[in-house]
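Some notes on the structure that comes next.
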Amino acid sequence: MAEQQLGVLKALDVAKTQLYHFTAIVIAGMGFFTDAYDLFCVSLVTKLLGRLYYFNPLSEKPGSLPPHVAAAVNGVALCGTLAGQLFFGWLGDKLGRKK
């Protein structure tokens, strides 16, 4: 098994760069970008949720989420990211790989 994998890696090392290589790099980069963007936006979403649903004009910080609600929103976002990685990774293996 290891010799077969080394053979594949050696074939990739000597292969000429083609459009397929650039396409694979762009697709992998876009997946990383969208995943990071999603996790970055969670903090902005918690601020907006606080402004919409927990607005109190008399407090010093109007529109901030209570700590337990902010923790729940962040936790659900991280759990959703994990579930999406597992599901779409499995789906990509089943539908994307050819025999």
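Just so it is clear, the values below take in all heavy atoms, side chains as well, and ignore hydrogens, waters and symmetry mates.
For the pair V42 and A77, the tightest heavy-atom approach, listed with the atom from each and the gap, is CG2-CB, 3.5 Å.
Residues L48 and L65 do not share a hydrophobic cluster, defined by chaining ILVMFWY side chains whose heavy atoms lie under 4.5 Å apart. Hydrophobic clustering, with ILVMFWY side chains joined whenever heavy atoms are under 4.5 angstrom apart, keeps L19 apart from V26.
With a 4.5 Å cut-off on side-chain heavy atoms, L78 and L39 count as touching. Under the 4.5 Å side-chain criterion, counting only non-hydrogen atoms from C-beta, Y53 is not in contact with V69.
To the nearest 0.5 Å, atom CG of residue D38 and atom OG1 of residue T81 are 4.5 Å apart. Distance CG/L86 to CG/L82: 4.5 Å, rounded to 0.5 Å. Y37 OH to F32 CZ: the interatomic distance, rounded to the nearest 0.5 Å, is 15.5 Å. Atoms CG and CG, on L44 and L49 in that order, are 11.0 Å from each other to the nearest 0.5 Å. The OH atom of Y54 sits 12.0 Å away from the OG1 atom of T46 when rounded to the nearest 0.5 Å. One distance of note links NZ of K47 with OG of S64; it measures 7.5 Å at 0.5 Å rounding.
Relative orientation of the F87 and W90 rings is tilted, given thresholds of 30° and 60° on the angle between their planes.
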